[in-house]
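Report on the structure given below.
Letters go in sequence order (proteins before strands), and every chain restarts at 1.
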Amino acid sequence: MRTRELFAPTLRQISGEVELASHRLLLRAGFVRQLAAGMYSLLPLGLRVVRKIENIVREEMDAAGAQELFLPALHPLELWEKTGRAQYWGDELMKLKDRTGRPFCLGGTHEEVITQLASEVKSYRELPFTLYQIQTKFRDDPRPRGGLIRVREFTMKDAYSFDRDVPGLDSSYETMVEAYHKIMQRVGLPYHVVDASGGGIGGWDTREFELPTEAGESHYLRCDSCGYAATPEVAQCKAEIEPPTEEEQALERVDTPDRRTIEEVTEFLGVPPKKLVKTLIYEADGRVVAALVRGDRDLSEDKLQLALGAKKLEMAEAATIERVSSAPVGFAGPVGLKEAEILADNELRGERNFITGGNEADLHLRNVNFGRDFEVKDWADLRNGEAGDLCPGCGEPLRAYRGIELAHVFKLGTIYSEPLEAHFLDEDGERKPMVMGCYGLGTTRMMAAVVERFNDDAGIIWPMAVAPYEAVIILLNHDDEEHRAIAEQLYVELQQDGFEVLLEDRPERAGVKFKDADLIGIPGQIVVGRLAGEGKVEVRRRGGESRTVPVGEAGGTLRELLSSNLPA
RNA sequence: CGGGGCGUAGCGCAGCUUGGUCAGCGCGCCUGCCUUGGGCGCAGGAGGUCGCCGGUUCGAAUCCGGCCGCCCCGACCA
């Protein structure tokens, strides 16, 4: 491709509102343009990068035995209603109607569609298999942000495995995880594998592949010494229980007029938040439960649900809270609570003389103690992990990270195959739902992640694996016949040698060409300039080495300089 | 959805507090000359219903109300 013809409008300046490096550079270098919030056009250069990423993903998926197919983006809403996800996703699901008024949605993910398709399987003999597609997803995010990091329309590779049982799923899952490791390594991105929760997809044993960067929007905790990593909701907390040192003191009633929140109460009473115990009322599969965590901690709903073995967990409605606590919302406490069974966080075992809600309007209780004042039904790890918590593996303190979520894998089990009746007949003659896994990887997001990780003051520095072109020939003096001839000859020869080459032949000044070449970030640069008269050119690696060589050696030198994925 | 910010020429911005002489700057673009290894130089030129609607006023980019759009933080989320 010649830059004279290439549609890649570069920008000298960009609005100060655009903050992320990846967002700024992809816009400035002419890879993407924004159509509306969270909606981006991929320009020719951007599309080439995404295609490279897709091809790596495709090769690794195929190598792992997965089969590519292509599903509709438009789904009958009815299908999402069958699994309950139409309601669960709510407004995040883009909905529309056809001319007859039949409701549809734009697929935010494809579990329903693929499961219905897979329900054609009749026998265990046809299992297992894994299907994948690379497709546009639509999610009506309440707040798109960060350029291409979080958008409303994006492309994703989503794979789904179907097995006859859980051991089969475990094996399919590991195969996909291995493929993901290979993909990350080929692209060249550093990453952490993080234990996570299922969220809107569901399932268990889910893991995220995170690019560690402050620009990211995911938060996780990681042990730098052993590599254990998890999101706060699922990070296992080692409870360091110290034997109580205080003597139990007499229970006291304290008036706390209109003080409901932890902040209000601690400020009013002049005590630190950790002296309080929060009482959170939930409904789990229809029963009411109260979860107790220290005042300065956050409850993990994932952990509570796990501890309860509940299928569905929701915060109780205000009316329920008022009923069981006999008080307005904000004054619930464990002492004298009605109906609800009480679960307490492990960390509270050593606590004495704490403050709780009083189950009465404008009342809290001081010097509350376990056993004497109320009974706990179960103890469990219920709180979110925090930076500084001790690693459950090796005991070192965990560190807080931010990251860009590149990929996410889930074990789904039968949560989709049951409602959609994707059954098969097993060897024992029994009809069983297929056991599923799903494996997502955002390809457009990955492009942004690569830029976020590989750039300098001058622009992008593409890894070879995903560069839009491998080399650019920069013809400085386009009017000089001899120079032009050399550039044209190199252009042909390098392509014959298998390089993907861009020829910078615009009638621009040298400075413009250099600036744009650095901004666009193509790894190989061949400068045809003042030394061309002596039959020499400069061969450079963007962000790395530069050599002046005879024209005839340009190809070999280029190959050498580009032999690594990243500049040395 | 809560909090904050922004919307003026193709792009980036100033002007708004204190209404009138306020349609301005830089880049880009067009013409000519010059220059040709890091976003040259000089001269001339084109280009804007100041996001939209309404209000206040003799007069609104500027003040007021409503709406729309975009960015950031939070909630939420893959």
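For the pair D457(A) CG and G39(B) P, the computed distance is 16 Å after rounding to whole Å. With rounding to whole Å, K513(A) atom NZ is found 14 Å from C40(B) atom P. In this structure, H23(A) atom NE2 and C72(B) atom C1' are separated by 13 Å, rounded to whole Å. R402(A) has its CZ atom 7 Å from the P atom of C73(B), to the nearest Å. Rounded to an integer number of Å, the gap from CZ of R145(A) to P of C76(B) is 11 Å. Nucleotide C76(B) holds its C1' atom 16 Å from the CG atom of L93(A), rounded to whole Å. To the nearest angstrom, P of C77(B) lies 13 Å from CZ of F410(A). The distance from atom CG of D302(A) to atom C1' of C77(B) is 13 Å, rounded to the nearest whole Å.
Nucleotide C50(B) has no partner under the Watson-Crick or G-U criteria, as no pair reaches both atom distances under 3.5 Å. A 3.5 Å limit on both hydrogen-bonding distances identifies no Watson-Crick or G-U partner for G38(B). With a cut-off of 3.5 Å on both pairing distances, the Watson-Crick or G-U wobble partner of G69(B) is C6(B). Within the shown strands, G12(B) is the pairing partner of C25(B) under the Watson-Crick or G-U definition, both distances less than 3.5 Å. U56(B) is unpaired under the Watson-Crick or G-U wobble criterion, no partner having all donor-acceptor distances under 3.5 Å. When Watson-Crick and G-U wobble pairs are counted only if both distances are under 3.5 Å, U17(B) pairs with no nucleotide at all.
The side chain of F514(A) lies closest to G37(B), out of G37(B), C72(B), C27(B). For Q13(A), counting side-chain heavy atoms from C-beta on, the closest listed nucleotide (C11(B), G38(B), C76(B)) is C11(B). Taking every side-chain heavy atom of E19(A) into account, C72(B) is the closest of C72(B), G39(B), G12(B). With distances taken from any side-chain atom of R150(A) to the nucleotides C13(B), G37(B), C76(B), the minimum falls on C76(B).
V151(A) comes within 4.0 angstrom of a nucleotide base, judged by non-hydrogen atoms across all strands. E210(A) comes within 4.0 angstrom of no nucleic acid atom, judged by non-hydrogen atoms across all strands. Within the nucleic acid shown, G90(A) has no heavy atom closer than 4.0 Å to any nucleic acid atom. Within the nucleic acid shown, G16(A) comes within 4.0 Å of sugar-phosphate atoms alone, with no base atom in reach, counting heavy atoms only. The residue Q34(A) sits close only to the backbone: its heavy atoms come under 4.0 Å of sugar-phosphate atoms, none of a base. Contact annotation for I474(A): no contact, since no heavy-atom pair falls under 4.0 Å across all strands. Here A36(A) lies in heavy-atom contact (under 4.0 Å) with sugar-phosphate atoms only. Among the heavy atoms of the strands, none lies under 4.0 Å from R152(A). Here G440(A) lies out of heavy-atom contact (under 4.0 Å) with every strand. Contact annotation for R24(A): no contact, since no heavy-atom pair falls under 4.0 Å across all strands.
A donor-acceptor pair under 3.5 Å is formed between the side chain of K513(A) and the backbone N or O of R506(A). Between the side chain of K52(A) and the backbone N or O of A467(A) there is at least one donor-acceptor pair closer than 3.5 Å. Looking at T83(A), its side chain never comes within 3.5 Å of a backbone N or O of Y416(A) through a donor-acceptor pair.
Environment of CD in Q87(A): sparse, with no more than 12 heavy atoms of neighbouring residues, nucleotides or ligands closer than 6.0 Å.
Spacing between G45(B) and A60(B) at atom P, rounded to whole Å, works out to 31 Å. Taking atom C1' on both C71(B) and G55(B), the two are 29 Å apart, rounded to the nearest angstrom. Taking atom C1' in both C11(B) and G3(B), the straight-line distance is 30 Å, to the nearest Å. The C1' atoms of G26(B) and G39(B) are separated by 13 Å, rounded to the nearest whole Å. Taking atom C1' on both C6(B) and C16(B), the two are 14 Å apart, rounded to the nearest angstrom. Between A75(B) and G59(B), the two C1' atoms lie 46 Å apart (nearest whole Å). Comparing the C1' positions of G65(B) and G47(B) gives an interatomic distance of 33 Å, to the nearest angstrom. Atom name P, nucleotides G7(B) and C13(B): the rounded distance is 9 Å, in whole Å.
A cation-pi geometry, defined here as NZ or CZ lying under 6.0 Å from the six-membered ring centre and within 45° of its normal, holds between K411(A) and Y173(A).
Positionally, the nearest nucleotide of RNA chain B for G147(A) lies more toward the 5' end than for the other of E405(A) and G147(A). Heavy-atom nearest nucleotides on RNA chain B were determined for H408(A) and for L35(A), and the one closer to the 5' end corresponds to L35(A).
Between R12(A) and G28(B) there is a side-chain polar atom (N or O) within less than 4.0 angstrom of OP1 or OP2.
Using bins of under 30°, 30° to 60° and over 60° for the plane-to-plane angle, the ring pair Y220(A)/H192(A) lands in the perpendicular bin.
The list of side chain to side chain donor-acceptor pair (under 3.5 Å) pairs with a residue in residues 25-38 of chain A, not counting sequence neighbours, reads Q34(A)-Y40(A).
Salt bridge present: D258(A) and R260(A) bring a charged side-chain N and a carboxylate O closer than 4.0 Å.
Residue-to-nucleotide contacts include no donor-acceptor pair under 3.5 Å from the side chain of N477(A) to the base of G37(B).
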Inset, instruction - With side-chain hydrogen bond (donor to acceptor under 3.5 Å, both in side chains) as the test, would you mind laying out the steps for H110(A) and H75(A) before giving the verdict? - result: CA-CA 9 Å; H110(A) 280 74; H75(A) 305 176; 3.1 Å; yes
Inset, instruction - Decide yes or no on side-chain hydrogen bond (donor to acceptor under 3.5 Å, both in side chains) for T155(A) and T443(A), but give the supporting numbers first. - result: CA-CA 6 Å; T155(A) 57; T443(A) 52; 2.6 Å; yes
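Distance check, rounded to the nearest 0.5 Å: CG of D480(A) to CZ of R530(A) gives 13.5 Å.
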Inset, instruction - For each nucleotide in nucleotides 1-7 of chain B, reading 5' to 3', give B when a protein heavy atom comes within less than 4.0 Å of its base, S when such contact involves only the sugar-phosphate, and - otherwise. - result: B---BS-
